[in-house]
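One structure is given below, encoded as structure tokens.
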Amino acid sequence: MKIATWNVNSLRVRLPQVLQWLETAQPDVLALQETKLSDDKFPVEEIAAAGYQVAFHGQPTYNGVAILSRLPLTDVRIGMPGFDDDQARVLAATVDGVRVLDLYVPNGQEVGSEKYAYKLRWLEHLAGVVAAELAQHSRLVVLGDFNIAPADADVHDPEAWRGKVLFSEPEKVALQRLFDLGLADSFRLFDQDENVFSWWDYRAAGFRRNIGLRIDLVLLSETLAANCTDASVDRAPRAWERPSDHAPALASFKL
DNA sequence: ATGGTGGCGCGGCCA
């Protein structure tokens with residue numbers, strides 16, 4: 001199974017790029033974040049024409065997640081059980097015996113802000129949700145825009161970012177809890193080039209200067225990590241005209 | 001440079 005995640009920053013704007021990328025990359029499953037679409041406006045037919053079924057959970061203007069799959073999506077679940085969230089950030093589904101959990105983790109805005117506190121509360125609840133999923137599914141993928149860079153190697157200038165939102169210690173501790181539950185960062189299962197990122201700020205020509213962070217992750221349960229054959233970030237769509245500020249991250253594994 | 005760009009939607013918020 002080849003599975004990918006991509007924060008598209010408006011599916012209305014980026015649908016042609018998503019369709020183009022599906023055609024070239026040929027993933028079996030693609031998890032999207034920041035669709036920014038209410039469910040009645042979701043482009044189901046265009047995606048079906050590309051050969052993908054889709055589950056989605058959106059709202060107007062902000063947030064929104066979706067899972068595209070060539071094979072049927074079952075046991076679709078919206079949101080995190082036990083966490084009353086008015087923001088559409090979580091979608092789960094099962095594909096070919098693999099449980100898929102698509103996340104758009106809150107950005108957090110700034111350390112110490114209300115949004116940062118919400119991010120940490122959200123991540124604390126997520127750990128319980130992931131633990132419950134792992135207890136039920138040995139084959140689990142947790143992927144999406146985590147809005148956290150795991151380590152120094154995932155940040156263009158770690159010293160400048162240390163303690164800042166997306167790279168603060170409490171955020172990294174929250175991410176480490178997921179690793180401690182038995183999830184592996186698929187990207188780090190392989191030798192990788194240095195300075196591989198998945199997000200570059202639109203401002204200050206971040207992409208041109210490769211000033212970015214790797215915050216889009218594909219985490220795998222132990223069973224899937226043991227069978228993982230490849231993991232990467234595809235920078236190409238970030239160089240397209242009118243791009244998302246994120247690039248797709250991918251992992252492949254044998255079932 | 002406490003800036004910068006982009007999306008939504010038409011003022012200001014969010015990232």
Side-chain angles (χ1 to χ4, degrees), chain A residues 5-21 30-43 46-47 56-66 79 85-91 102-123 126 143-150 154-157 159-168 170-172 174-175 197-217 233-249:
Chain A
T5 176
W6 194 6
N7 179 326
V8 290
N9 187 20
S10 168
L11 186 56
R12 186 187 67 78
V13 172
R14 233 67 68 187
L15 179 62
Q17 298 192 19
V18 169
L19 297 175
Q20 176 65 52
W21 193 76
L30 173 59
L32 302 178
Q33 303 85 38
E34 285 208 87
T35 55
K36 297 187 174 179
L37 285 175
S38 53
D39 290 345
D40 58 305
K41 292 180 178 158
F42 199 91
E46 292 90 335
I47 287 167
F56 46 90
H57 172 40
Q59 64 186 96
T61 314
Y62 300 117
N63 310 309
V65 282
D85 200 346
D86 59 2
Q87 304 186 22
R89 297 183 174 278
V90 179
L91 183 63
D102 179 14
L103 306 179
Y104 176 43
V105 176
N107 172 283
Q109 195 169 57
E110 189 180 357
V111 172
S113 68
E114 279 189 29
K115 290 190 175 67
Y116 182 78
Y118 162 69
K119 181 179 194 174
L120 294 183
R121 277 202 312 277
W122 196 98
L123 288 164
L126 174 67
L143 77 174
D145 177 359
F146 282 74
N147 270 315
I148 305 169
D154 304 308
V155 180
H156 72 92
D157 184 348
E159 296 317 317
W161 278 87
R162 214 171 294 288
K164 301 276 174 48
V165 75
L166 310 186
F167 199 53
S168 73
E171 292 168 86
K172 286 188 272 185
L175 185 56
F197 308 123
S198 66
W199 168 81
W200 302 260
D201 202 314
Y202 285 123
R203 298 166 290 188
F207 183 66
R208 180 178 59 74
R209 300 192 287 161
N210 198 30
I211 291 175
L213 305 178
R214 193 175 66 89
I215 57 177
D216 300 273
L217 311 176
V233 175
D234 184 0
R235 289 170 47 100
R238 186 62 177 81
W240 292 350
E241 196 162 339
R242 205 178 180 189
S244 167
D245 46 350
H246 295 252

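Naming: A, B, ... by sequence-line order, numbering from 1 per chain. Hydrogens, waters and symmetry mates are skipped; everything else that's a heavy atom, side chains included, is used.
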Please identify each residue that fulfils side-chain contact (heavy atoms from CB on, under 4.5 Å) with P243(A), with sequence neighbours left out.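 side-chain contact (heavy atoms from CB on, under 4.5 Å) list for P243(A), sorted by chain: R238(A).
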Holding to side-chain contact (heavy atoms from CB on, under 4.5 Å), I want the full list of residues that pass it with N9(A), two or more places apart in sequence or in another chain.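 Per chain and number, N9(A) pairs via side-chain contact (heavy atoms from CB on, under 4.5 Å) with N7(A), R14(A), E34(A), K36(A), Y202(A), S244(A), D245(A).
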Tell me, please, which residues at least two apart from F56(A) pass ring-ring contact (aromatic ring centres under 6.0 Å, His included).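 Here the qualifying residues are F42(A).
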Counterpart residues, ring-ring contact (aromatic ring centres under 6.0 Å, His included), relative to Y116(A) (two or more places apart):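 Applying ring-ring contact (aromatic ring centres under 6.0 Å, His included) to Y116(A) gives none.
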Taking salt bridge (charged side-chain N to carboxylate O under 4.0 Å, His left out) as the definition, give me every residue that meets it alongside [X], ordered by chain and number, with sequence neighbours left out.
X       : answer
K164(A) : none
R89(A)  : none
D216(A) : none
E159(A) : R162(A)

Could you tell me whether Y104(A) contacts a base, only the sugar-phosphate backbone, or nothing, with contacts defined as non-hydrogen atoms closer than 4.0 Å?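 If one applies the 4.0 Å heavy-atom cut-off, Y104(A) turns out to touch the sugar-phosphate alone, with no base involved.
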Specify the residues of residues 11-18 of chain A, ordered by number, for which at least one heavy atom lies under 4.0 angstrom from an atom of DNA chain B.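 Residues of residues 11-18 of chain A that come under 4.0 Å of DNA chain B are, in numerical order, R12(A), V13(A), R14(A).
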Check each residue of residues 114-123 of chain A for a non-hydrogen atom within less than 4.0 Å of any atom in DNA chain B, then write out the ones that pass by number, or none.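 Close to the strand are K115(A).
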Provide the distance between the two P atoms, one in dA1(B) and one in dG11(B), to the nearest whole Å.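 Comparing P positions in dA1(B) and dG11(B) gives a spacing of 34 Å.
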If a pair satisfies salt bridge (Lys or Arg N to Asp or Glu O under 4.0 Å) and one of its residues is in residues 113-123 of chain A, list it, with sequence neighbours excluded.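 Only K119(A)-E171(A) qualify under salt bridge (Lys or Arg N to Asp or Glu O under 4.0 Å).
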Heavy atoms of chain A, cut-off under 4.0 Å: which first and last nucleotide of DNA chain B, 5' to 3', fall inside that, if you could look?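 So the contact region on DNA chain B extends dG4(B) to dA15(B).
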